[in-house]
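Computation of the quantities below employed the complete heavy-atom set of this structure, encompassing side-chain atoms and omitting hydrogens, waters and symmetry-equivalent molecules. The shown structure was predicted, so the numbers you read here are calculated from the model rather than taken from an experiment.
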Amino acid sequence: PPILSSSSGGFFPGLKTNEADELRFIDAFAAGGVKLDCWWLDAGWYPCGEGWPKVGTWTPDPERFPRGLKAVSDRAHARRLGLIAWLEPERVSPGTWLYENHPEWLLGKDGETKLLDLGREPARRWLTDHVDGLITREGIDLYRQDFNIDPLPFWRANDAPDRQGITEIRHVEGYLAYWDELRRRHPGLLIDSCASGGRRNDLETLRRAVPLLRSDYQSFGGDPGFAPGNQGHTYGLSSWIPYYGQGVYWSDRQFVYSARSYMSPAFGLCADVRKAGADWAQLRRVAEEWRRVARCYLGDFYPLTPYSLASDAWMAWQFDLPEAGEGMVQAFRRDACPREAARFALRGLAAEARYEVRDLDAQGPEERLVTGRELMEEGLAITIAARPGAALVAYRKVR
């Protein structure tokens, strides 16, 4: 289902992931009235020295998480949230438990980052049992697997010239078998395939998982300059992958425009709650707008404009649920676009039916009734006064 989540992320200045801050963030979003579906515990909860990239010891850091991750999952569950937890098991850093205790399972040069060879049955069996235990013991509901390493040189270096590809084949078989066994032991377990932001979108992966972070192209300071690129991601990706995610960080600069540019079937809203300034009314507004249209992302996708990153362009698309008779249109006027009005011919509607159309920026109950034929032939007129600006229009068939 569509998922609304938030996370401390560990990326805000001065923040290193820890139990106290995770609980504080969860409580702040509840107090702010932002109804989430999941709490996202990202990288850095394990012993990692000065930073999260040091991976290979997959136990909670006893100093920062003295009660394990269970304290965080318990608080999340008490708030009726699932817990998303981040791991990156295939990359192994020097000085970590795996590096020191099982060098026979690793590919690569001593003293450098190595690759856990999931083509080795003992390595895969250990990882399966260990992560199975973490999921059960720590109360993890959605397993997030990252992959921030290029594996090909490790695989090629392990094979003789006349056996190139064998280590790769065995690793991929092991990686998929690992996920299949986790899902067998935990029916209903959801998996996020991340991989440096949506870079593991092969068909076998997508049969088992979805990329909850379609790209690392995000602005942690809420810079609206990242919005056109994210509009482009939705435009391009939606023709191929029906479920993906992205998240936006609170900013007092054009936040609604940015948030609508990042909206996805899985959507994250983040704010640094350790300091004053987050506009909870705007955060609630964006969350409620997303809930209004979220299931439409699982419908048919129709681009309504050509693809463009130009600053003087409009970009628009439509998501339609024909069985439910509802859908939505998103349109964006970029910061140098001189035209404040545009008209878009919608697709896939029932010509003789009447549709109730509502601009979510309109004040009060201003729905209007329009026939499907009018929307498809004459088009939906949208006006955006601001530059940059974004419109969000919902429609549903009434008879």
Side-chain angles (χ1 to χ4, degrees), residues 1-2 227-228 230-244 256-257 259-265 267 285-286 288-310 312-334 337-399:
N230 275 278
Q231 295 161 19
H233 291 171
T234 300
Y235 187 108
L237 196 58
S238 298
S239 290
W240 303 97
I241 299 176
Y243 199 103
Y244 51 81
V256 173
Y257 173 72
R260 289 178 176 177
S261 301
Y262 285 73
M263 278 186 178
S264 307
F267 184 46
R285 171 193 172 182
V286 168
E288 290 161 5
E289 286 180 349
W290 175 85
R291 287 204 183 278
R292 173 79 179 265
V293 302
R295 73 188 195 122
C296 298
Y297 284 108
L298 306 184
D300 297 332
F301 172 68
Y302 298 105
L304 301 179
T305 63
Y307 177 87
S308 175
L309 292 177
D312 61 352
W314 278 73
M315 180 173 272
W317 54 73
Q318 172 193 2
F319 285 93
D320 183 72
L321 289 167
E323 299 86 355
E326 66 177 288
M328 61 94 159
V329 173
Q330 289 185 269
F332 302 89
R333 180 190 181 191
R334 302 262 174 78
C337 180
R339 296 180 298 119
E340 69 173 31
R343 188 176 289 270
F344 304 103
L346 303 193
R347 305 279 299 281
L349 306 182
E352 304 307 319
R354 294 175 70 81
Y355 289 84
E356 185 181 80
V357 178
R358 178 173 175 79
D359 182 341
L360 298 193
D361 289 318
Q363 301 298 315
E366 295 189 13
E367 292 93 351
R368 55 194 180 92
L369 291 177
V370 189
T371 67
R373 187 181 308 280
E374 289 178 87
L375 291 171
M376 291 189 292
E377 294 181 0
E378 297 178 20
L380 174 68
I382 294 179
T383 298
I384 301 176
R387 288 193 299 176
L392 183 57
V393 179
Y395 62 84
R396 67 182 183 90
K397 185 164 61 176
V398 292
R399 59 180 181 273

> Any idea which heavy atoms bring Asp359 and Asp361 closest together, and the distance?
Replying inline: OD1-N, 2.9 Å
>> What I'd like to find out is whether the side chain of Pro228 reaches to under 4.5 Å of the side chain of Phe332, using heavy atoms alone.
In response: no
> CH2 of Trp314 to CD1 of Ile382: how many Å apart, nearest 0.5 Å?
Replying inline: 6.5 Å
> Could you go step by step and tell me if Tyr355 and Glu374 meet the side chain to side chain contact (heavy atoms under 4.5 Å, CB included) rule?
Replying inline: CA-CA 10 Å; Tyr355 289 84; Glu374 289 178 87; over 6 Å; no
>> Main chain of Thr305, side chain of Tyr235: is a donor-acceptor contact present, judged purely on distance under 3.5 Å?
In response: yes
>> Quick check: closest heavy atoms across Val357 and Val393, and the distance to 0.1 Å?
In response: CG1-CG1, 3.5 Å
> Is there a donor in the side chain of Tyr297 and an acceptor in the side chain of Ser238, or the other way round, less than 3.5 Å apart?
Replying inline: no
>> Return the CZ to OH distance between Arg334 and Tyr257, rounded to the nearest 0.5 Å.
In response: 6.0 Å
>> What I'd like to find out is whether the side chain of Met263 reaches to under 4.5 Å of the side chain of Arg260, using heavy atoms alone.
In response: yes
> When you measure from the side chain of Thr383 to the backbone N and O of Ala381, does any donor-acceptor pair fall under 3.5 Å?
Replying inline: no
> Can we call the ring centroids of Phe301 and Trp240 under 6.0 Å apart?
Replying inline: no
> Looking only at heavy atoms, which two atoms of Val286 and Ala259 are closest? And how far apart?
Replying inline: CG1-CB, 3.8 Å
>> For a salt bridge (Lys or Arg N to Asp or Glu O under 4.0 Å) check, start with the C-alpha distance between Asp320 and Lys397, then their side-chain angles and the critical distance, and finish with the verdict.
In response: CA-CA 11 Å; Asp320 183 72; Lys397 185 164 61 176; over 6 Å; no
> Does the side chain of Arg358 reach to within under 4.5 Å of the side chain of Arg292, using non-hydrogen atoms?
Replying inline: yes
> Could Arg285 and Glu289 be called an ion pair, given the rule that one side-chain N must be under 4.0 Å from one carboxylate O?
Replying inline: yes
> Do you know which two heavy atoms are closest between Leu298 and Pro265, and how far apart they sit?
Replying inline: CD2-CB, 4.4 Å
>> Please check: side-chain N/O of Gln318 versus main-chain N/O of Leu304, any donor-acceptor pairing under 3.5 Å?
In response: no
> Rounded to the nearest 0.5 Å, how far does CG of Leu380 lie from OH of Tyr395?
Replying inline: 9.5 Å
>> Give me the atom names and distance for the closest heavy-atom approach of Met315 to Pro306.
In response: CE-O, 4.2 Å
>> Tell me whether the count of non-hydrogen atoms from other residues, nucleotides or ligands lying under 6.0 Å of CZ in Arg347 goes above 12.
In response: no
> Taking atom CE of Met328 and atom CG of Leu346, what is their separation to the nearest 0.5 Å?
Replying inline: 12.5 Å
> If you take all heavy atoms of Val293 and Ala394, which pair is closest and at what distance?
Replying inline: CG1-CB, 4.4 Å
> Just by distance, do the side chain of Arg387 and the backbone of Arg333 share a donor-acceptor pair under 3.5 Å?
Replying inline: no
> Is the backbone of Pro1 close enough, under 3.5 Å, to the side chain of Tyr243 for a donor and an acceptor to pair up by distance?
Replying inline: yes
>> Please report the interatomic distance OG(Ser261) to NE2(His233), rounded to the nearest 0.5 Å.
In response: 11.5 Å
> Roughly how far, to the nearest 0.5 Å, is SG of Cys296 from CD of Glu326?
Replying inline: 5.0 Å
